[in-house]
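Below, chains carry the letters A, B, ... as their sequence lines are ordered, and counting in each starts from 1.
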Amino acid sequence: MKRTHHCNELRPAHIGQTVTLCGWVHSRRDLGGVIFIDIRDREGRTQTVFDPSDLPKEVFDRAAALRSESVVRVTGRVRSRPEGTNNAKIPTGEIEVMVRELEVLNLADPLPFQIDDPETASRVNEELRLKYRFLDLRRPELARNIRLRSKVAIVTRQFMDEQGFLEVETPILFKSTPEGAREFLVPNRRDPGTFYALPQSPQQFKQILMVGGIERYYQIARCFRDEDQRADRQLEFTQIDIEMSFIEREDIYALIEGLLKRIWKTALDQDIATPFKRMPFVEAMSRYGMDKPDTRFSMELADFTEEFCGSQFKVFGGAVAAGGVVKAINAKGLACATQGQIESMTELAKSFGAKGLAFIKVENGEWKSPIVRFLTDAEKAALQTKLAIEEGDLILFAAGEWLAACEILGRIRLYAAEVLKAAGKLVIPADRFDFLWVVDFPLLSFDKEQNRWYSSHHPFTAPVAEDIPLLKTETRKVRGQHYDVVVNGVELGGGSIRIHQPDVQKTVFEEVLQIPPDETKLRFGYMLEAFRYGAPPHGGIALGFDRLIAILCNTPSIRDVIAFPKTAKGTDLMTDAPAPVPAKQLRELYLELKVPKKE
RNA sequence: GGGGGCGUAGCUCAAUUGGUUAGAGCGCUGCCCUGUCACGGCAGAGGUUACGGGUUCGAGCCCCGCCGCUCCCGCCA
C-alpha cells in the first residue's frame with residue numbers, strides 16, 4: 001500500500017504516529033513562511049503542514065509549486081493542532097500532519113473548472129462537466145450518488161438472495177423484435193446482412209428462464225432503447241429485473257414492497273409504510289389525470305359532467321352531448337397567476353389536444369372569467385360546493401373525451417403545482433415518499449391512425465382471467481394483470497403476470513394484435529414453442545434502477561446517478577462516441593454507407 | 001420530427017436594452033506574507049461575445065442560418 005491511512009481517518013488518538021497519506025491537493029494555503037495543504041481522497045480530507053524550519057528547502061519549494069488537484073503522497077507525524085486552530089467543519093479538524101516527505105505523483109494542469117467549491121461547481125455548464133467527467137466525479141455530490149448507487153445494488157442483491165432468487169445474466173447480443181422501442185442493431189460479420197439487436201429489456205429471456213425451471217430470477221440488467229432522451233431517460237439504462245413462477249399479483253406486490261422498504265432503510269434510514277395503496281388505472285386518471293399520480297398534494301380533478309349536461313356554455317354542453325366529460329381542478333391560491341402563466345397553461349392544454357383552457361379567477365370576491373356569464377346559478381353552486389372555492393383560487397377546466405380531458409387536467413395540475421411551489425404556497429417535505437400501485441390497466445389500447453389494437457404494456461401480459469372471453473368481442477374492456485409501482489409521480493417500475501398458455505398468447509398475437517402468423521412464428525416462435533413444453537404460470541416486474549437512485553439522491557436527472565451518462569442527443573462528450581469507423585471495418589461487415597449530404 | 005431556454009475571459013456572471021477602449025468575482029502568472037482552512041495583500045496577463053451571413057453610420061444586443069448543451073411534446077411494446 002502506498003498509504004497508511006485514508007484522509008478521513010486520523011483523530012487525536014493518532015497523535016505522535018508517523019503516517020503516509022495519498023490524495024488530491026484540495027486546497028493550498030501558502031502563507032509564505034508556512035504552507036497548509038488539505039489532501040483529499042474519497043473519504044475526506046486532512047490538513048498537512050509544511051514548515052520550512054523543519055524541512056529541506058527543496059521539499060518546501062515543491063509544495064509551494066503544487067497546483068490544485070495534483071496527486072501527492074506525503075509522510076509525516078500526526079500532531080494536535082495548536083490551541084484555537086481546530087477546524088470544526090471537518091472530522092479530522094483536531095489534528096494535522098507535519099510533513100517530512102512529499103512525493104508528487106501527478107502534477108495537475110490548471111483545471112477547466114474549479115471543483116473545490118460545491119456552490120459554484122454544481123452550477124458549471126453541464127457540457128463542460130460531461131467532457132471532464134473525471135473531474136465532476138470528484139465532486140462530493142456526485143461521489144455520494146455513485147456510492148449510494150453501489151450500496152443500493154448490494155442491498156438489492158442481498159435481499160433478492162434472501163428471498164431465494166438467482167442472479168442470471170442474459171445476452172446483450174439479442175435478436176431484433178420490432179414491437180416496442182427502436183433498437184440498436186449490431187451487424188453480424190459471419191453472415192452478411194444479418195444483425196443482432198441490443199435488448200430493450202431481458203423480457204423474453206426471463207420468461208424462458210421460468211420455462212427453464214429457474215423459478216426465481218433477478219438481474220441488475222442493462223437495457224438499450226434508441227429513443228429520444230429525457231432527464232429521466234438514457235439510451236442505455238439499468239433495471240432491477242425480476243421474474244417468478246407459481247405466483248399471483250399479490251406476491252409481486254409483497255416482494256417489491258419488501259425490497260423498497262429495505263432499500264429506503266439502507267439508503268435513507270427511513271421506514272416506509274407497507275403495504276402500498278392500490279389504485280385502479282381508471283381512478284388514477286379520474287382523480288389525478290395521470291397513470292403515475294403524484295399524491296403528495298391533492299388538487300384532485302372533480303367531475304361536472306352531470307352538472308353541465310345541457311349547459312348553455314356550448315364547449316361544456318357540447319362535450320357532454322358527444323359522450324364526453326367536463327372536469328375541473330381548483331388550484332388553491334393561484335388566482336394570482338400571471339397572464340403568461342395562464343397562457344403557458346393554455347399552450348400546455350393545447351399540446352394535449354384541447355381547444356383552449358377555460359378558467360375562473362376568484363379575486364376580490366368576484367369570479368373573473370370569460371365563461372362565467374354562460375354559467376347558471378345551479379352550475380355555479382355545483383362548482384362552489386364540489387371545489388370548495390375560496391378567495392384567491394383559480395379554477396381550471398377541461399371538457400371532451402374522458403381520457404383526453406383527464407390527461408389535460410393532469411398536466412395542468414402538475415404545472416399549477418410547480419407554480420405554487422415556486423411561490424412558496426405549496427410545500428412538500430423532501431423526505432416524503434408516496435408509494436402506490438396502479439393496477440387494472442386496460443390490456444389493449446386502440447391506435448386510431450393505424451386502426452389497430454396495441455398492447456398497453458407488452459404482448460406477453462396476461463388478461464385478467466375472467467376477461468379472457470372478451471378478448472375478441474369487447475377488447476376495450478379487457479383488463480391486464482399489469483401493475484406499476486409509483487412514487488411521488490414517478491413511474492418506478494412496472495410488470496405483469498404473463499401469459500403462459502400458448503393458445504392465449506397466439507390469440508393475442510394473431511387475432512388481437514393482428515400480427516400475421518408467419519411473422520409471429522419468425523419473431524416469437526421460440527416462445528410459443530417453449531410454452532408448449534411445460535410453462536409454469538409466472539410474472540415479474542422491472543424497476544428503473546437509475547430512477548430509483550435519482551429519487552433517493554433527490555435529483556431530477558438520472559445523469560447525476562450514472563458515472564458516464566450521454567447527452568440528450570446520445571453523445572458521450574468525453575470519448576466523442578459515437579464516431580465514424582475506418583472503411584476497412586465497414587468492408588468486414590459488408591456495410592456500405594448512404595449518408596445524406598448536409599446542404 | 002416539433003416547441004421553449006441558454007451560449008460573453010479557463011469558470012460563474014454583468015454590460016444602463018443599438019453607441020467610446022466589453023467589466024466583476026473566482027481561477028491563472030509574478031511578487032509579499034509563519035497558523036491558515038473559500039487565507040490575505042499588491043501587480044499583471046487573459047476576449048474571433050459558439051460559428052456563418054445580413055440589417056445599420058455603428059451589433060454582444062436586431063434578423064436569417066448553423067452548431068452545441070438543456071427542458072418539454074411526439075416517441076419510450
Side-chain angles (χ1 to χ4, degrees), chain A residues 26-38 45-54 60 64-65 67-69 81-90 92-93 96 109-132 135 177-183 200-201 203-204 223-235 237 344 347-348 350-353 411 414-415 418 443-445 447 449 453-461 480 482 491 494 496 508-509 513 515 523-524 544 556-557 559 566-569 571 573 598-599:
Chain A
H26 183 76
S27 80
R28 184 169 54 97
R29 296 176 294 280
D30 185 344
L31 273 62
V34 62
I35 302 172
F36 299 98
I37 294 182
D38 282 359
R45 50 191 234 239
T46 303
Q47 173 165 287
T48 64
V49 188
F50 293 74
D51 185 342
S53 63
D54 201 30
F60 189 80
R67 274 191 295 259
S68 279
E69 296 303 309
R81 290 197 186 193
E83 188 74 32
T85 62
N86 284 5
N87 184 353
K89 288 187 209 158
I90 54 173
T92 59
E96 62 191 10
D109 282 350
L111 302 176
F113 61 95
Q114 291 161 253
I115 61 172
D116 56 343
D117 180 5
E119 280 295 306
T120 53
S122 62
R123 273 165 43 220
V124 171
N125 182 2
E126 188 159 13
E127 191 175 348
L128 199 71
R129 286 165 39 203
L130 286 172
K131 184 172 176 191
Y132 298 96
L135 292 179
T177 52
E179 295 274 322
R182 192 181 300 116
E183 300 165 309
Q200 306 169 35
S201 81
Q203 183 62 34
Q204 293 172 47
C223 307
F224 305 87
R225 294 182 188 172
D226 185 7
E227 299 290 352
D228 287 345
Q229 324 272 298
R230 290 285 191 283
D232 63 348
R233 274 165 34 188
Q234 285 265 309
L235 297 180
F237 61 101
S344 294
E347 285 308 308
L348 189 63
K350 282 181 178 169
S351 74
F352 280 84
R411 301 305 293 225
L414 289 187
Y415 180 91
E418 287 307 313
L443 183 70
L444 297 139
S445 309
D447 184 334
E449 281 176 19
W453 292 96
Y454 63 95
S455 299
S456 303
H457 181 43
H458 62 50
F460 316 110
T461 303
H482 170 52
E491 182 191 329
S496 63
V508 170
F509 280 147
L513 299 176
I515 305 173
R523 283 199 225 159
F524 306 110
S557 170
R559 289 189 300 274
K566 291 182 177 53
T567 67
K569 288 231 170 94
T571 60
L573 296 178
K598 280 180 186 164
E599 313 250 323

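Here Arg233(A) lies in heavy-atom contact (under 4.0 Å) with a base. Using a 4.0 Å heavy-atom distance criterion, Leu128(A) is classed as a sugar-phosphate-only contact. Using a 4.0 Å heavy-atom criterion, one finds that Glu179(A) contacts the bases of the nucleic acid, with or without backbone contacts as well. Across all strands, Arg559(A) comes closer than 4.0 Å only to sugar-phosphate atoms, never to a base (heavy-atom distances). Among the protein residues, Gln114(A) comes within range of the nucleic acid bases, having at least one heavy atom under 4.0 Å from a base atom. Ser201(A) comes within contact range of at least one nucleobase, with a heavy-atom separation under 4.0 Å. No contact: Glu347(A) has no heavy atom under 4.0 Å from any strand. Within 4.0 Å (heavy atoms only), Arg129(A) reaches no atom of the nucleic acid at all.
Counting to the nearest Å, the C1' atom of C73(B) and the CD atom of Glu227(A) are 14 Å from each other. Phe113(A) has its CZ atom 15 Å from the C1' atom of C26(B), to the nearest Å. Distance CZ (Arg123(A)) to P (C6(B)): 17 Å, rounded to an integer number of Å. What separates CD of Glu69(A) from C1' of G10(B) is a distance of 15 Å, to the nearest Å. Taking atom CG of Leu414(A) as the reference point, atom C1' of C71(B) lies 15 Å away to the nearest angstrom. Taking atom CD on Glu127(A) and atom P on C67(B), their separation rounds to 14 Å, with Å as the unit. Note: CZ (Phe237(A)) to P (C76(B)) measures 13 Å, nearest angstrom. For Leu135(A) and G27(B), the CG to P distance is 17 Å, given to the nearest whole Å.
In this structure Ser351(A) satisfies the side chain to side chain contact (heavy atoms under 4.5 Å, CB included) test together with Leu348(A), sequence neighbours excluded. Evaluation of the side chain to side chain donor-acceptor pair (under 3.5 Å) rule for Arg29(A) yields Ser27(A), Asp38(A), Gln47(A) as partners, not counting sequence neighbours. Listed by chain and number, the residues in a side chain to side chain donor-acceptor pair (under 3.5 Å) with Glu127(A) amount to none (sequence neighbours excluded). With sequence neighbours left out, His458(A) forms a ring-ring contact (aromatic ring centres under 6.0 Å, His included) with Phe460(A). For Glu179(A), the side chain to side chain contact (heavy atoms under 4.5 Å, CB included) criterion is met by Ile515(A), Arg523(A), Phe524(A), not counting sequence neighbours.
Looking at Gln234(A), Glu126(A), Gln229(A) one by one, the single match for side chain to side chain donor-acceptor pair (under 3.5 Å) with Arg559(A) turns out to be Glu126(A). None of Thr120(A), Val124(A), Asn125(A) except one satisfies the side chain to side chain contact (heavy atoms under 4.5 Å, CB included) rule with Phe113(A); the exception is Val124(A).
Look at G74(B): it lacks any Watson-Crick or wobble partner with both distances under 3.5 angstrom. When both pairing distances are held under 3.5 Å, C39(B) makes no Watson-Crick or G-U pair with any nucleotide shown. With a cut-off of 3.5 Å on both pairing distances, U34(B) has no Watson-Crick or G-U wobble partner at all. Nucleotide G68(B) is matched to C6(B) when pairs are restricted to Watson-Crick or G-U wobble geometry with both distances under 3.5 angstrom.
Here the separation of G35(B) from A45(B), taken at their C1' atoms, is 32 Å to the nearest Å. Going from the C1' atom of A24(B) to that of A9(B) covers 11 Å, rounded to whole Å. Separating the P atom of G25(B) from that of G68(B) is a span of 35 Å, rounded to the nearest Å. Taking atom P on both C42(B) and C33(B), the two are 16 Å apart, rounded to the nearest angstrom. G23(B) and C67(B) have their P atoms separated by 33 Å, with the value rounded to a whole Å. Of the P atoms belonging to G44(B) and C6(B), the separation is 36 Å, rounded to the nearest Å. When the C1' atom is used for both G74(B) and C11(B), the distance is 37 Å, rounded to whole Å. Using atom P as the reference point in both U21(B) and C28(B), the two lie 32 Å apart (nearest Å).
Nearest-nucleotide assignment on RNA chain B puts the 5′-proximal partner with Leu348(A), out of Gln203(A) and Leu348(A). Judged by closest nucleotide on RNA chain B, Ser557(A) is the one of Gln200(A) and Ser557(A) placed further toward the 5' end.
Judged by distance alone, the side chain of Glu96(A) and the main-chain N or O of Thr46(A) form no donor-acceptor pair under 3.5 Å.
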### Message
Walk along nucleotides 34-39 of chain B from 5' to 3' and tag each nucleotide B, S or - by protein heavy-atom contact under 4.0 Å, base first, then sugar-phosphate.
### Response
BBBBBB

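The side chain of Ala231(A) sits closest to C71(B) out of U12(B), C69(B), C71(B). Distance from the side chain of Thr567(A) is smallest for U70(B) among the nucleotides U70(B), U29(B), C11(B). Ranking C69(B), C76(B), G1(B) by closeness to the Asp228(A) side chain, first place goes to G1(B). Distance from the side chain of Pro110(A) is smallest for C28(B) among the nucleotides U70(B), C28(B), C76(B).
At a threshold of 4.5 Å between non-hydrogen side-chain atoms, the residues Ile37(A) and Ile35(A) count as touching. Annotation: side chain of Arg45(A) is in contact with side chain of Ile90(A) (closest heavy-atom distance under 4.5 Å).
Using a 90° window around 0 for the glycosidic torsion, U29(B) falls outside it and is classed as anti.
Side-chain nitrogen and oxygen atoms of Arg67(A) include none within less than 4.0 Å of the OP1 or OP2 phosphate oxygen of G27(B).
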